[in-house]
Amino acid sequence: MAIAHFHRLRKTLEGLFPERHLYVRSGGEMRGYVLSTNKQLACAAGVGAAALWMGVCTAAMLVNALAVSQTDQVVLKQKAYYERLNADRQARLNSAVAQLSATSGSLDELALSVEKRHAALAMLVSDFKGAPGAAQALAVNKPAIGDASPVERIQATRMDQERLIDAAEGFAKSRAERLRLAMRMAGLDAGSFTGRGASLGGPLIEAKDPRALAAVLDVDEEFAARIHRAASDMSDMRSLGAAAQRLPFNRPTANPALSSSYGVRFDPFTHRPAFHSGLDFPGAFYTPIMATAPGVISFTGVRSGYGNTVEIDHGGGFKTRYAHLQGIAVRVGQRVVIGQRVGAMGSTGRSTGPHLHYEVWVNGRAQNPNRFLKAGEYVQQAG
């Protein structure tokens, strides 16, 4: 049967590429060349390969050109952003110079304005204490004033205040956004962990109107509005950071490898598709198993199919489960912290070898633990 197909194919090719004779006359001599079917097929294959190569190269060049174009767009956007930022700072400097002229160099008024701004900044910066990276981002620089006049010294201090409030706004907003993205990676609503309140210096200042906050802080309205924006972002940053510390974002073992993922897989016993409600971490017997978030031990013992199991209630509807353990190191009602040892890896229950079966539950439903692990990695990068 195969031979018959081969013969039909060969006849088709011979029909498409029949034997041809090429005669070339040169210098009174006639030469003849025979172009057999095989030679024509070889030439056609060469032309096809060359065309394919040219097509691939052209596509690669187009992709590269598009990528460069996108990069150029990003560069242009960044350039425009910094140009706007510089223009904004120049406008503030011009405003400050105009104020100097209007006050005819009244040092007392300028000094009082600087002192009030410093007091407001002190309240704002004090609330950033303890936030990862805040000390470096909000470091106070001493202006290089040298032999400058008193007016120039005051103006240099005002400009450093502008730099500091810029840094506070940028730091709080950037970290809050990174934490929001981490929450979305875990499939969570970041809004449920934040409250848009601006905590300044201890008491909560509910001042959506910049004029009200300006009156409380005794500073100009523009500066008060910027203080409030930075404080609001800082409040969100703290709320999201505190929530991230309570969520199961850490790894249950030191080994990052996985032997089985979340979702449908072939069951190792029945060899049929079945839903796997967690992640499997391979390892040796008695490998330490650690709590992935702080919480209270809600269950220890044997569960059908899971073998020796530990469950931790993290509050807010979050629960983690650690199964197939060889040993259990905690008791029900015990409070645990991140990284605390809760048991030892084993192969109890429905298991083919030593490993940890790890699950994350939210409001009574199993979730993909890998999303929480990736979110945890991103939070550490944000720190």
Side-chain angles (χ1 to χ4, degrees), residues 183 186-189 192-193 239-263 267-269 274-376 379-380:
M183 295 293 181
L188 305 175
D189 178 17
S192 62
F193 299 99
S239 298
L240 292 168
Q245 290 295 318
R246 299 192 303 268
L247 296 174
F249 281 169
N250 282 42
R251 289 187 171 274
T253 70
N255 183 7
L258 292 176
S259 57
S260 188
S261 300
Y262 175 90
D267 187 277
F269 291 94
F275 182 74
H276 187 238
S277 58
L279 299 178
D280 287 347
F281 293 85
F285 280 102
Y286 297 104
T287 297
I289 304 302
M290 297 164 288
T292 56
V296 177
I297 304 298
S298 59
F299 177 85
T300 63
V302 178
R303 284 199 181 279
S304 177
Y306 290 95
N308 294 332
T309 303
V310 169
E311 294 177 0
I312 304 177
D313 184 353
H314 304 286
F318 292 88
K319 182 182 77 171
T320 52
R321 175 178 291 168
Y322 313 77
H324 304 316
L325 302 178
Q326 195 67 24
I328 295 175
V330 290
R331 64 184 184 279
V332 173
Q334 179 180 343
R335 186 170 294 277
V336 294
V337 298
I338 296 175
Q340 182 172 335
R341 184 176 179 272
V342 298
M345 187 177 294
S347 185
T348 59
R350 197 169 181 269
S351 170
T352 58
H355 72 283
L356 168 71
H357 175 82
Y358 173 66
E359 295 181 358
V360 174
W361 290 69
V362 180
N363 296 324
R365 299 184 63 180
Q367 307 292 319
N368 185 353
N370 206 33
R371 295 187 312 189
F372 287 81
L373 298 182
K374 290 185 181 299
V379 167
Q380 291 176 357

Item to check | T320 side, atom OG1; E311 side, atom CD - distance, nearest 0.5 Å | outcome: 8.5 Å
Checklist entry - If we only count heavy atoms from C-beta on, is the M183 to L240 side-chain gap below 4.5 Å? => result yes
Next on the checklist: Minimum heavy-atom separation for V337 and A291, please, with both atom names.
Outcome noted: O-CB, 3.6 Å
Next on the checklist: For V362 versus Q367, what's the shortest heavy-atom pair and its separation?
Outcome noted: CG2-CG, 3.6 Å
Next on the checklist: Does the plane of the ring in H276 sit parallel, tilted or perpendicular to the ring in H357? Use 30° and 60° as the thresholds.
Outcome noted: perpendicular
Checklist entry - Do the side-chain N and O atoms of Y358 and T253 include a donor-acceptor pair separated by under 3.5 angstrom? => result no
Item to check | Sub-4.5 Å side-chain heavy-atom contact between T300 and T309 | outcome: no
Next on the checklist: Run the side chain to side chain contact (heavy atoms under 4.5 Å, CB included) test on L325 and V310 for me, step by step, so that the C-alpha distance in whole Å, both residues' side-chain angles and the decisive distance to 0.1 Å come before the verdict.
Outcome noted: CA-CA 8 Å; L325 302 178; V310 169; 3.7 Å; yes
Checklist entry - If you measure from OG on S347 to CG on N308, what distance do you get to the nearest 0.5 Å? => result 11.0 Å
Checklist entry - Looking only at heavy atoms, what is the nearest atom pair of N363 and G316, with distance? => result OD1-O, 4.1 Å
Item to check | Interatomic distance, I289 atom CD1 to Q326 atom CD [nearest 0.5 angstrom] | outcome: 11.5 Å
Checklist outcome for this item: Closest non-hydrogen contact found for P282 with A257 is CD-O, 3.4 Å
Next on the checklist: Set out, in order, the CA-CA distance, both residues' side-chain angles and the distance that settles side chain to side chain contact (heavy atoms under 4.5 Å, CB included) for F318 and L188, then state yes or no.
Outcome noted: CA-CA 11 Å; F318 292 88; L188 305 175; 3.9 Å; yes
Checklist entry - Within a strict 4.5 Å, meaning less than it, do heavy atoms of the L279 and L373 side chains meet? => result yes
Checklist entry - Taking S351 for the side chain and T348 for the main chain, is one N or O donor matched with an acceptor at less than 3.5 Å? => result no
Checklist entry - Does atom CZ of R341 have more than 12 heavy-atom neighbours, drawn from other residues, nucleotides or ligands, at distances under 6.0 Å? => result yes
Checklist outcome for this item: P369 and G278 have their tightest heavy-atom pair at CG-CA, 4.2 Å
Checklist entry - I338 and Q245: side chain to side chain contact (heavy atoms under 4.5 Å, CB included), yes or no, with the steps? => result CA-CA 8 Å; I338 296 175; Q245 290 295 318; 3.9 Å; yes
Checklist entry - OH/Y262 to CD/E359 distance, rounded to the nearest 0.5 angstrom? => result 9.0 Å
Checklist outcome for this item: Interatomic distance, CZ@F281 vs CE@M345, rounded to 0.5 Å, equals 8.5 Å
Checklist outcome for this item: In H324, R350, R321, the residue satisfying side-chain hydrogen bond (donor to acceptor under 3.5 Å, both in side chains) with Y306 is R321
Checklist entry - Can any side-chain N or O of H355 pair as donor or acceptor with the backbone N or O of G283 at less than 3.5 Å? => result no
Next on the checklist: Measuring from atom CZ of R335 to atom CG of D313, what distance do you get when rounded to the nearest 0.5 angstrom?
Outcome noted: 9.5 Å
Item to check | Heavy-atom closest pair, residues G301 and I328 | outcome: N-CD1, 3.8 Å
Next on the checklist: How about CZ on F299, more than 12 heavy atoms from neighbouring residues, nucleotides or ligands closer than 6.0 Å, or not?
Outcome noted: yes
